[in-house]
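Structure, as structure tokens:
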There are 2 protein chains.
Amino acid sequence: MSSYEDNIENIKCNVIHQDVVDSVSNKMIELDTAGELAEFFKVFGDSTRLRILYALSLSEMCVCDIAAVLGTSQSAISHQLKVLRQMRLVKYRRDGKVIYYSHDDEHITEIFRKGLEHINETK
Amino acid sequence: MSSYEDNIENIKCNVIHQDVVDSVSNKMIELDTAGELAEFFKVFGDSTRLRILYALSLSEMCVCDIAAVLGTSQSAISHQLKVLRQMRLVKYRRDGKVIYYSHDDEHITEIFRKGLEHINETK
DNA sequence: GACACATATGAACGAGTATTCATATGTTCA
DNA sequence: TGAACATATGAATACTCGTTCATATGTGTC
């Protein structure tokens, strides 16, 4: 049993193909852009938000109605609508006490469709 | 100051438009499906995974090369590749000691493109 | 102005998760 | 067989995030 502390530095990961690494690095997405993109997709990564977006693809709706359809508390819906608003995925209009939400992005439906295609294919 | 404990039940959220709620409920996405879809999009909600997927869209790569391009530890990359594998987003082939990863889904590029369109429009 | 109601929001709590560290597995080569 | 290396993985830690609870804000009505 030899002391492995001496050469612990050797137990690491080396670049195998420098040409591939260089080529990919040049065309690589910016770290900031990847961050923004991740933030965007993160919004779709929660079933409550997903269902809100789906419901709104069917009809403009007020907060109480969304809560009723999803069977979720008004507060939870409201918190999530704030996220969707900040991501510019939904817009709203006020009519008296009631606030109506609707989609604010034409990509949502397309992204949904691609996602559904994926999970249906891999079953 | 009256006791509000008596009618605290009244402070709640009521359905405003029963017709809309019924109509949307009928066409609503299944809870299970929404869950699966959320799990799928959750994968795109992390910048490390996003950058791995982006890198792989440019070229098939081994784990060490991916780590080099991203400037991340081999272990972190390996953990995330496991997630991507389980989601059937990447596949791999072994060549001796080296394992090469590549895309396993044609929807990835499309979904990326839609996401980028969104964040570019809302700037 | 007082009340009812639709919606928003801050704080707290619990659940989930990305990374790190240490180590295991699997393969090549001598 | 044993050293070297590419990759995988379990456990621990730190951080993020969704919901709940309590309450605030804003609007219409009497």
Side-chain angles (χ1 to χ4, degrees), chain A residues 1-17 34-35 38-39 41-52 61-68 70-87 90 92-101, chain B residues 1-17 34-35 38-39 41-52 61-68 70-87 90 92-101:
Chain A
M1 200 71 79
S2 69
S3 67
Y4 70 93
E5 286 84 356
D6 298 327
N7 58 342
I8 196 168
E9 271 297 292
N10 295 332
I11 317 284
K12 62 169 184 177
C13 197
N14 297 304
V15 171
I16 310 296
H17 314 87
E39 289 305 309
F41 285 122
K42 203 172 284 179
V43 176
F44 292 85
D46 175 77
S47 63
T48 303
R49 282 192 295 264
L50 220 48
R51 289 195 298 152
I52 292 175
M61 293 178 85
C62 72
V63 180
C64 280
D65 287 355
I66 298 174
L70 302 205
T72 314
S73 75
Q74 176 268 321
S75 180
I77 298 292
S78 213
H79 276 293
Q80 297 303 349
L81 282 171
K82 185 179 190 175
V83 175
L84 296 173
R85 242 159 41 215
Q86 287 170 335
M87 270 297 160
V90 301
Y92 62 96
R93 68 182 177 85
R94 166 161 242 144
D95 183 15
K97 286 181 296 189
V98 184
I99 297 182
Y100 295 94
Y101 281 86
Chain B
M1 199 72 76
S2 69
S3 66
Y4 69 94
E5 284 84 356
D6 297 328
N7 58 342
I8 196 168
E9 271 297 292
N10 295 331
I11 317 284
K12 62 169 183 176
C13 197
N14 297 304
V15 172
I16 310 296
H17 315 87
E39 289 305 309
F41 285 122
K42 202 172 284 178
V43 177
F44 293 85
D46 175 77
S47 62
T48 301
R49 283 192 295 264
L50 218 49
R51 289 195 298 153
I52 293 175
M61 293 178 84
C62 72
V63 179
C64 280
D65 287 355
I66 298 173
L70 301 205
T72 314
S73 74
Q74 175 268 322
S75 180
I77 299 291
S78 212
H79 276 295
Q80 297 304 347
L81 282 171
K82 185 179 191 176
V83 175
L84 296 173
R85 241 159 41 214
Q86 287 170 336
M87 269 299 159
V90 301
Y92 63 96
R93 65 181 179 86
R94 165 160 240 146
D95 183 14
K97 286 180 297 189
V98 184
I99 296 182
Y100 295 94
Y101 280 86

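Naming convention: chains lettered A, B, ... in sequence-line order (proteins, then strands); numbering from 1 in each chain.
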**Study point:** Where protein sits on nucleotides 25-30 of chain C, one letter per nucleotide: B base, S sugar-phosphate only, - none, heavy atoms under 4.0 Å
**Key:** -SBS--

Practice item. Could you identify which residues of residues 75-82 of chain B place a heavy atom less than 4.0 Å from some atom of DNA chain D, listed by residue number, or say none? Key: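 Going residue by residue through residues 75-82 of chain B, the ones with a heavy atom under 4.0 Å of DNA chain D turn out to be B:Ser75, B:Ser78, B:His79, B:Lys82.
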
Is there a side-chain contact between [X] and the phosphate of [N], meaning an N or O under 4.0 Å from OP1 or OP2?
X: B:Arg49; N: C:dA18; answer: yes
X: B:Tyr101; N: D:dA8; answer: yes
X: B:Arg85; N: D:dT7; answer: no

Exercise for review: Take A:Gly45 and B:Tyr100, find for each the nucleotide of DNA chain D with the closest heavy atom, and name the residue whose nucleotide sits nearer the 5' end.
Suggested key: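 Its nucleotide being nearer the 5' end, the pick is B:Tyr100.
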
**Study point:** Nearest-nucleotide comparison on DNA chain C, the residue closer to the 5′ end among B:Ser73 and B:Ile16
**Key:**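 Here B:Ile16 is the residue nearer the 5' end.
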
With [X] via side-chain contact (heavy atoms from CB on, under 4.5 Å) - residues at least two apart:
X: B:Ile16; value: A:Cys62, A:Cys64, A:Asp65
X: B:Leu81; value: B:Ile52, B:Val63, B:Ile66, B:Ile77, B:Leu84, B:Tyr101
X: A:Ser75; value: A:Ser73, A:His79
X: B:Lys97; value: none

In whole angstrom, what separates [X]'s [atom1] from [N]'s [atom2]?
X: A:Leu84; N: C:dA8; atom1: CG; atom2: C1'; value: 15 Å
X: A:Leu70; N: D:dT19; atom1: CG; atom2: C1'; value: 14 Å
X: B:Asp46; N: C:dA18; atom1: CG; atom2: C1'; value: 7 Å
X: B:Lys42; N: D:dG18; atom1: NZ; atom2: C1'; value: 10 Å
X: B:Phe44; N: C:dT17; atom1: CZ; atom2: P; value: 16 Å
X: B:Leu50; N: C:dA18; atom1: CG; atom2: C1'; value: 15 Å

Review point. Between D:dT19, D:dA6, C:dA6, which nucleotide has the shortest distance from any of its atoms to the side chain of B:Val98?
Key: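 The listed nucleotide nearest to B:Val98's side chain is D:dA6.
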
Practice item. Would you state whether a donor and an acceptor, one from the side chain of B:Gln74 and one from the base of D:dA6, lie under 3.5 Å apart? Key: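 Per atom types, no contact qualifies.
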
Review point. So what does B:Thr72 touch, heavy atoms closer than 4.0 Å: a base, only the sugar-phosphate, or nothing?
Key: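 No contact.
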
Under 3.5 Å, which donor-acceptor pairs do the side chains of residues 41-49 of chain A form with other protein atoms, sequence neighbours left out?
from: A:Lys42; atom 1: NZ; to: A:Glu39; atom 2: OE2; distance (Å): 3.2
from: A:Asp46; atom 1: OD2; to: A:Thr48; atom 2: N; distance (Å): 3.1
from: A:Asp46; atom 1: OD2; to: A:Arg49; atom 2: N; distance (Å): 3.1
from: A:Arg49; atom 1: NE; to: A:Val43; atom 2: O; distance (Å): 2.8
from: A:Arg49; atom 1: NH1; to: A:Gln80; atom 2: OE1; distance (Å): 2.8
from: A:Arg49; atom 1: NH2; to: A:Lys42; atom 2: O; distance (Å): 3.2

Exercise for review: Not counting sequence neighbours, which residues clear side-chain hydrogen bond (donor to acceptor under 3.5 Å, both in side chains) with A:Arg93? List them please.
Suggested key: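 Expected list: A:Glu60.
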
Review point. For the helix from C:dG1-D:dC30 to C:dA30-D:dT1, what angle lies between the axis at the first five pairs and the axis at the last five pairs, to 10 degrees?
Key: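 Axis-to-axis angle, ends of the helix: 20°.
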
